[in-house]
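The structure presented is a predicted model; accordingly, all values stated were derived computationally and were not measured. Just the heavy atoms: all of them, side chains too, but no hydrogens, waters or symmetry mates, feed the values below.
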Amino acid sequence: MRFLRIPFIFSMLSLMVLGGCSESNVVGDAGGDADGGVDGDAGGDAGGDAGGDADGGADGDVSESDLCTYHGLLDVETFGNGVIPHHAWRNGVIAFYTWTHPVSVEHVTWWTTWQRECVALYEITTNRDAYLKFDDNFGEEVKPIIVVDADPMWCGTVAAAGCGNKVQVQTFRRSGQEMIDAPENPLHHWVIFYEMGRGGYAEAFDDRATWPPGGWSSGFPHMMAGICLHNAGGDAAMEDLGTNAGLLIARLDDWESSGLDFAETFADGPNNAGFIAHDTIAAILMRLFQDTDIDSIDDLFREIERKPIRDNAVDALCDFVDAVETVAGSSWADDLVTRWGMPDSCP
């Protein structure tokens with residue numbers, strides 16, 4: 001079955017990324033007393049509360065040798081709310097900080113394992129090591145993921161549901177409460193998965209084979225959030241309408257039935273006719289991922305890196321079609337033209 005592909009890949013990858021998480025001395029039922037947070041989405045263009053059940057999510061028992069470690073209440077510096085004490089957990093490269101305790105060690109192990117695997121997926125598709133941050137609490141570089149104990153949570157001067165700079169990731173308490181309320185459901189992690197790819201450093205493929213320029217800054221993390229959801233819960237998680245990824249895939253069907261020409265529609269900007277250019281491309285690539293695998297997405301972005309930066313929509317989108325054809329074949333390139341309105345007169 002198609003949705004089993006990535007969980008199978010990570011049954012092997014987990015030998016590399018799951019080791020080193022030792023038994024915790026903390027136990028307890030999932031709980032918490034947060035009463036909501038800031039409304040809004042995580043820098044994306046489609047909203048919605050994560051909800052529902054996802055097939056293929058966490059199941060079974062976590063062995064003691066794989067459990068995360070709890071490190072008590074430690075100070076952590078946030079983007080916009082200053083230094084706040086948080087309950088600290090460690091799972092390999094992930095330093096997970098949350099406002100509430102006790103939380104089941106098994107549940108936190110599931111969550112931080114999904115996070116570690118998402119970091120690994122980002123490394124594959126960006127063709128670089130993850131950006132990390134030295135954390136005084138652990139004396140080494142980590143990927144800090146913080147459920148911020150503040151209402152509202154500030155990302156700079158903006159109250160938001162999530163923010164990131166490709167080094168540190170933050171989400172608000174409502175996301176954390178949703179994790180606690182449905183600990184086996186990966187849908188409540190989509191903000192974290194998305195923010196792992198936002199802001200910060202430029203990527204080698206930025207501004208290439210997309211239109212308008214800058215589209216990968218939002219389109220790429222939207223795509224990656226979908227892929228990370230798929231890794232945690234299969235097609236059902238990626239397509240669930242409780243996340244931006246699922247909403248964008250559903251919106252792609254509307255785009256297909258519109259019959260609009262991509263280059264003409266977005267020649268003057270990313271938003272037109274009720275559609276958003278980078279979201280549409282992100283949804284297309286989530287569909288490509290479902291039909292192929294993570295290696296094809298990796299190969300696609302290596303092809304995109306080789307393209308020049310263009311000054312017009314047609315040439316940039318022709319580069320995109322050519323890169324997809326090189327990696328996925330002519331039938332996929334034909335779909336880009338006939339189903340999704342990409343240019344049909346490329347040199």
Side-chain angles (χ1 to χ4, degrees), residues 6 40-50 54 114-115 117-119 121-126 155 160-166 169-171 175 186-203 205-233 235 237-256 262 266 269-271 274-292 294 296-298 300-301 304 317 320 324 336 340:
I6 289 304
D41 58 32
D45 303 294
D49 293 338
W114 291 335
Q115 293 163 10
E117 291 175 348
C118 191
V119 169
L121 285 163
Y122 267 100
E123 288 184 319
I124 291 170
T125 50
T126 58
C155 296
C163 48
N165 62 359
K166 295 185 182 172
V169 176
Q170 293 186 183
T171 188
S175 289
L187 301 184
H188 310 302
H189 298 258
W190 77 264
V191 173
I192 290 172
F193 296 157
Y194 172 80
E195 294 296 348
M196 283 185 182
R198 288 284 288 168
Y201 301 89
E203 303 293 351
F205 49 78
D206 283 352
D207 296 328
R208 302 171 193 273
T210 190
W211 195 265
W216 291 126
S217 65
S218 289
F220 181 75
H222 272 314
M223 178 201 73
M224 288 303 305
I227 289 174
C228 291
L229 283 166
H230 189 283
N231 172 66
D235 282 343
M238 186 165 78
E239 297 181 3
D240 193 286
L241 296 180
T243 73
N244 273 21
L247 290 170
L248 297 185
I249 289 174
R251 192 66 171 139
L252 181 63
D253 295 335
D254 296 333
W255 169 261
E256 182 177 348
F262 201 104
F266 302 116
N271 307 325
F275 295 98
I276 300 170
H278 55 252
D279 287 353
T280 305
I281 289 182
I284 289 171
L285 293 185
M286 281 187 266
R287 287 299 192 205
L288 174 61
F289 165 78
Q290 286 179 301
D291 283 348
T292 56
I294 192 62
S296 293
I297 300 299
D298 171 22
L300 174 63
F301 280 95
I304 289 174
L317 295 173
F320 179 71
V324 170
L336 291 177
W340 297 310

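Taking the six-membered ring where the residue is Trp, Tyr122 and Phe220 present perpendicular rings, their angle passing 60° and hence far from 30°. Aromatic ring orientation, His222 versus His278: parallel (interplanar angle below 30°, classes split at 30° and 60°). A perpendicular orientation is assigned to the rings of His230 and Phe289, their planes being inclined by more than 60° (bins at 30° and 60°).
Thr171 places a side-chain N or O within 3.5 Å of a backbone atom of Ala161 that can act as its donor or acceptor partner. Formation of a donor-acceptor pair under 3.5 Å by the Trp211 side chain with backbone atoms of Phe266 is found in this model. Side-chain N or O atoms of Asp206 include one that pairs as donor or acceptor with a backbone N or O of Glu203 at under 3.5 Å. Judged by distance alone, the side chain of Arg198 and the main-chain N or O of Lys166 form no donor-acceptor pair under 3.5 Å. Side-chain atoms of Asp298 do not come within 3.5 Å of backbone N or O of Thr125 as any donor-acceptor pair.
In plain terms, the two heavy atoms of Pro212 and Gly269 that are nearest each other are CG-C, 3.4 Å. Taking all atoms of both residues into account, the shortest heavy-atom contact from Leu241 to Ala250 is CD2-CB, 3.8 Å. Across all their heavy atoms, Glu195 and Gln170 have their closest contact at CG-O, 4.3 Å. In this structure, Ala245 and Leu229 approach most closely via the heavy-atom pair CB-CD1, 4.1 Å. Here the shortest heavy-atom pairing between Ile227 and Ile294 reads CG2-CD1, 4.0 Å. When all heavy atoms are compared, the tightest approach of Ile249 to Arg287 is CG2-NH2, 3.1 Å.
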Could you please spell out the steps behind the side chain to side chain contact (heavy atoms under 4.5 Å, CB included) verdict for Val169 and Gln115?
-> CA-CA 11 Å; Val169 176; Gln115 293 163 10; over 6 Å; no

Kindly indicate, with the supporting measurements, whether the criterion side chain to side chain contact (heavy atoms under 4.5 Å, CB included) is fulfilled by Asn244 and Tyr194.
-> CA-CA 9 Å; Asn244 273 21; Tyr194 172 80; 5.9 Å; no

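Here CG of Asn231 is found 5.5 Å from CG of Leu121. Values are rounded to the nearest 0.5 Å. With values rounded to the nearest 0.5 angstrom, Thr126 atom OG1 is found 8.0 Å from Met224 atom CE. Atom-to-atom distance recorded for Leu300:CG and Thr292:OG1 is 9.0 Å, nearest 0.5 angstrom. Between Ile304 atom CD1 and Phe320 atom CZ the span is 6.0 Å, to the nearest 0.5 Å. Here CE of Met223 is found 13.0 Å from OG of Ser218. Values are rounded to the nearest 0.5 Å.
Counting only heavy atoms from C-beta outward, the side chains of Met238 and Met286 approach each other to under 4.5 Å.
Partners of Thr280 according to the side-chain contact (heavy atoms from CB on, under 4.5 Å) rule, which considers only residues two or more places apart in sequence or in another chain, are Leu252, Trp255, Phe262, Ile284.
For the side chain to side chain contact (heavy atoms under 4.5 Å, CB included) with Cys228, the qualifying choice from Trp190, Trp114, Phe193 is Phe193, the only one to do so.
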